[in-house]
Structure formats: structure tokens, C-alpha cells
Protein chains: 2
Amino acid sequence: MMNKDRCLKPATDEECRKAWLTLKDTMDIVGGKWKLVLISILRGGKFKFRELAREAEISPRILSKELKELEMNGLVSRTVLDTRPITVEYQLTPYSVSLNKLILNMYEWGQMHRQKITGKQ
Amino acid sequence: MMNKDRCLKPATDEECRKAWLTLKDTMDIVGGKWKLVLISILRGGKFKFRELAREAEISPRILSKELKELEMNGLVSRTVLDTRPITVEYQLTPYSVSLNKLILNMYEWGQMHRQKITGKQ
DNA sequence: GCTATGGGTTACATAAAGGATACCATCTAA
DNA sequence: TTAGATGGTATCCTTTATGTAACCCATAGC
């Protein structure tokens with residue numbers, strides 16, 4: 001139990017399966033080619049749809065899909081502004097902050113690993 | 001700078017791009033359908049090729065590919081035993097421990113997020 | 001020789017992800 | 001009235017990921 005909590009070493013097949021499903025949940029939300037790119041960009045502030053498309057060099061179709069998913073998961077909010085013509089702003093939600101530790105970990109591990117394979121330059 | 005180190009909020013496009021590439025490195029190694037499943041299973045000890053295939057319910061073709069990638073990245077070691085017929089054992093390397101924090105973070109976030117969307121049961 | 005087990009590989013098929021292009025609708029300013 | 005910006009959607013296509021089935025090689029037991 002302690003063991004499981006500290007290093008997630010599942011003792012039984014059941015536990016292993018549950019652990020995997022939970023990891024998969026996370027991967028579904030943060031994985032794929034664009035999710036983390038968009039989150040990174042949105043850390044810079046508010047963006048309109050086309051601004052974001054230009055910034056990330058992503059096609060509108062994919063951008064639309066990704067933003068919907070991020071919005072559904074409570075990580076991004078969409079605000080329609082009553083301007084002429086109407087504009088839509090996307091920004092990170094306060095909840096998205098909960099990902100900070102994870103993203104930082106991924107970043108650190110990637111950096112460490114790169115140093116390891118390129119010979120600790 | 002400090003900001004970047006603590007919450008990875010890239011200030012420039014360059015930084016944003018570099019951050020993304022580093023995150024992508026990590027995703028390449030740990031992402032996909034099988035990598036984390038196999039790592040989870042291998043936490044249980046040594047496994048032979050077919051044992052692992054049975055355990056994970058993965059086809060030999062994919063298993064072979066995944067194991068090669070994990071091995072290339074120094075996370076899994078492959079040992080040929082001089083038995084009749086020869087057998088091959090796969091196990092996690094000491095280096096794989098470096099992923100523990102990341103995996104635990106992913107697990108915790110997934111758990112927390114699930115509680116959030118299912119209404120904090 | 002026949003069959004079984006272990007460790008895979010090869011060839012082929014399907015599913016999922018991502019991309020390109022064109023387009024729709026609304027509005028404004030020229 | 002035409003052109004350009006806004007926020008997208010629809011259609012089609014390519015690439016990558018994953019799966020299935022059959023097969024190869026070696027050894028051991030019968």
C-alpha cells in the first residue's frame with residue numbers, strides 16, 4: 001500500500017489494470033500532438049482562434065477539435081466577446097494549474113534524459 | 001527565469017518551442033498505448049517474452065517493437081539465458097526508476113481529475 | 001519424423017490521428 | 001458590391017499506430 005502510494009508498484013493484476021487505466025486517463029487528456037503545445041502557448045495569455053492557429057501552425061479543423069477537448073476537460077475556457085465582428089477568446093482556466101507539476105516533471109525528465117543519451121554535455 | 005523553472009511558462013516563442021520539444025521527447029518515450037502498461041507489468045519482476053505477451057494481451061509483433069524502443073531508451077534490459085531452449089528475460093533497468101516521479105504524478109493527476117469530473121465522490 | 005515450446009519476424013489489414021483545402025456565415029470599411 | 005477579418009465546419013486525403021495470421025528457426029521429447 002505504502003509501496004503503491006510511493007512508487008506505484010501494483011501488487012496484483014487488478015491493481016495493475018486500475019493503475020494503467022488511470023494513467024491512460026491522463027494520457028488521453030494531455031497526450032497527442034497538440035494538447036501540450038496549446039497549453040504552453042496559452043500560458044502566454046488570451047488568444048483568439050486565428051491567433052492561436054497562426055501561433056501553433058495548426059489547421060483550424062484540428063485546433064477546433066483540440067480546443068473542444070481541452071474545454072470539456074475544464075482546462076481551457078472559451079469566451080465570446082460582443083464585438084463587431086464577434087471575437088472569441090481562449091484562455092487557460094485556474095484548474096489548468098493543477099497540471100503544472102506534471103508538465104514540469106515531464107519537462108525535467110525529458111531534459112535529463114536528453115543529457116543522458118547525448119553524453120551528459 | 002525562476003518563473004520558467006518553477007512552472008514552465010515560456011516567455012518567448014523560442015523558449016516555448018524548446019519546452020515543447022522537450023515535452024515531446026518525454027511523450028515519445030512514455031506515450032502510446034503500451035509503454036506504460038509494459039513498465040507497470042515489469043515492475044512485478046522479470047518476464048519472458050511470451051509471459052509478457054500473455055500478461056499484457058499484446059501481439060508479439062507490437063511487443064517486440066515496444067520492447068526494442070524501451071531497451072533503446074535504457075528503460076528495459078534484455079537478457080538471453082543459456083537454457084535449452086534459450087529463453088530471454090526482460091526487466092526494468094535501474095534507470096527506469098527515474099520515471100517513478102513522473103508516473104506517480106500522472107497517476108495522481110488522473111485520479112484527482114476523475115474525482116473532479118465524477119463529482120468528487 | 002511429429003509436435004510442442006520459446007523467441008521472434010513478415011506480410012497484410014484496419015483504426016486512429018492529423019493535415020490541406022475549400023467553404024459558410026457575419027460583419028465592416030472602402 | 002467587393003474585399004478582408006472573424007470563427008469556425010465539411011470533405012477528402014495521408015500518415016502513423018495498432019492488430020491478425022501465418023510463418024521461420026532452434027531444441028527437446030516422443
Side-chain angles (χ1 to χ4, degrees), chain A residues 17 20-21 23-42 45-73 75-92, chain B residues 17 20-21 23-42 45-73 75-92:
Chain A
R17 181 170 171 71
W20 161 238
L21 287 176
L23 291 170
K24 185 165 157 34
D25 286 347
T26 304
M27 292 295 289
D28 284 347
I29 289 166
V30 124
K33 185 169 176 182
W34 293 110
K35 299 286 192 309
L36 289 176
V37 182
L38 294 176
I39 291 176
S40 292
I41 293 177
L42 285 168
K46 300 172 178 176
F47 282 79
K48 293 172 187 156
F49 188 85
R50 299 235 185 229
E51 283 175 352
L52 211 40
R54 273 193 298 274
E55 192 72 17
E57 300 179 49
I58 182 178
S59 73
R61 193 181 79 85
I62 305 295
L63 179 56
S64 175
K65 200 195 81 198
E66 300 289 308
L67 285 173
K68 271 177 195 157
E69 290 169 8
L70 289 170
E71 202 191 342
M72 274 199 320
N73 288 312
L75 297 170
V76 160
S77 69
R78 178 181 184 275
T79 316
V80 180
L81 301 178
D82 192 16
T83 55
R84 305 288 130 160
I86 58 164
T87 47
V88 179
E89 273 179 0
Y90 290 92
Q91 63 185 314
L92 293 180
Chain B
R17 181 170 172 70
W20 160 239
L21 287 176
L23 291 170
K24 185 165 155 38
D25 285 348
T26 305
M27 292 296 289
D28 284 348
I29 289 167
V30 122
K33 184 168 177 183
W34 293 110
K35 299 285 192 310
L36 289 176
V37 183
L38 294 176
I39 291 177
S40 292
I41 293 177
L42 285 168
K46 298 174 179 175
F47 283 78
K48 292 174 186 157
F49 189 85
R50 299 236 184 229
E51 283 175 351
L52 209 40
R54 272 194 299 274
E55 191 73 14
E57 300 179 50
I58 182 178
S59 72
R61 194 182 78 84
I62 305 293
L63 178 56
S64 174
K65 201 196 81 196
E66 300 289 306
L67 284 173
K68 271 177 194 157
E69 290 168 8
L70 289 170
E71 200 190 344
M72 273 199 321
N73 289 311
L75 298 170
V76 161
S77 70
R78 178 181 185 275
T79 316
V80 180
L81 301 177
D82 194 15
T83 56
R84 305 288 130 160
I86 58 163
T87 48
V88 179
E89 273 178 359
Y90 290 92
Q91 62 184 316
L92 293 181

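All values below were derived from every heavy atom in this structure, side-chain atoms included, with hydrogens, water molecules and symmetry-related copies excluded. Treat the numbers as computed from the prediction; the structure is a model and nothing was measured.
At whole-Å resolution of the value, CG in Leu52(B) and C1' in dG8(C) are 13 Å apart. One interatomic measurement links the two molecules: CD of Glu57(A) to P of dA20(C), which rounds to 10 Å at whole-angstrom precision. Between the CE atom of Met27(A) and the P atom of dA17(D) there is a distance of 12 Å, rounded to whole Å. Nucleotide dG7(D) holds its C1' atom 11 Å from the CG atom of Leu67(A), rounded to whole Å. Following rounding to the nearest Å, Lys46(A) (NZ) and dT6(D) (C1') show an atom-to-atom distance of 18 Å. Atom CG of Leu63(A) is separated from atom P of dG8(D) by 9 Å (rounded to the nearest Å). Atom CG of Asp82(B) is separated from atom C1' of dG6(C) by 14 Å (rounded to the nearest Å). Rounded to an integer number of Å, the gap from CG of Leu81(A) to P of dG8(D) is 11 Å.
When all heavy atoms are compared, the tightest approach of Ile58(B) to Leu52(B) is CG2-O, 4.3 Å. Here the shortest heavy-atom pairing between Tyr90(B) and Leu42(B) reads O-CD2, 3.5 Å. The shortest heavy-atom contact between Ile39(B) and Leu92(B) is O-CD1, 3.9 Å. Taking both residues in full, the closest heavy atoms of Thr79(A) and Gln91(A) are given as OG1-NE2, 4.3 Å, listed atom of the first, atom of the second, then distance.
Using a 4.0 Å heavy-atom cutoff across all strands shown, Ser59(B) reaches at least one base atom of the nucleic acid.
Phosphate contact (OP1/OP2 of dG8(D), side-chain N/O of Tyr90(A), threshold under 4.0 Å): present. Here Ser64(B) does not reach the OP1 or OP2 of dG8(C): none of its side-chain N or O atoms lies under 4.0 Å away.
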For this session: Would you check, one step at a time, whether the test side chain to side chain contact (heavy atoms under 4.5 Å, CB included) holds for Ile29(B) with Leu75(B)?
Result: CA-CA 10 Å; Ile29(B) 289 167; Leu75(B) 298 170; 3.7 Å; yes
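In this structure, OG1 on Thr26(B) lies 11.0 Å from NZ on Lys24(B), to the nearest 0.5 angstrom. Taking CG from Leu63(A) and CD from Glu55(A), the interatomic distance works out to 12.0 Å, rounded to the nearest 0.5 Å. Rounding to the nearest 0.5 Å places CD1 of Ile62(B) at 8.5 Å from CH2 of Trp34(B). Rounding to the nearest 0.5 angstrom, the gap separating the CH2 atom in Trp20(A) from the NZ atom in Lys33(B) is 8.5 Å. In this structure, Asn73(B) CG and Asp28(B) CG are separated by 9.0 Å, a value rounded to the nearest 0.5 Å.
The pair Glu69(A)-Lys35(A) counts as a salt bridge, with a side-chain nitrogen and a carboxylate oxygen less than 4.0 angstrom apart.
With DNA chain C read from its 5' end, the first of the two nearest nucleotides for Phe49(B) and Arg50(A) is the one closest to Phe49(B).
Nearest to the side chain of Val88(A), among dG19(C), dG7(C), dG7(D), sits dG7(D).
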Between protein and nucleotides 15-18 of chain C, what N or O pairs are separated by less than 3.5 Å?
{"unit_1": "dG18(C)", "atom_1": "OP1", "unit_2": "Lys33(A)", "atom_2": "N", "d": "2.8"}
{"unit_1": "dG18(C)", "atom_1": "N7", "unit_2": "Arg61(A)", "atom_2": "NH2", "d": "3.1"}

Quick test: give all pairs of protein nitrogen or oxygen and nucleotides 26-30 of chain D nitrogen or oxygen below 3.5 Å, distance rounded to 0.1 Å.
none

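A stem is defined here as three or more consecutive Watson-Crick or G-U pairs, each with both distances under 3.5 Å; for DNA chain D these stems are C:1-30 with D:1-30.
Although no hydrogens or angles enter the test, the distance criterion places a donor-acceptor pair under 3.5 Å between the side chain of Ser40(A) and the main chain of Leu36(A).
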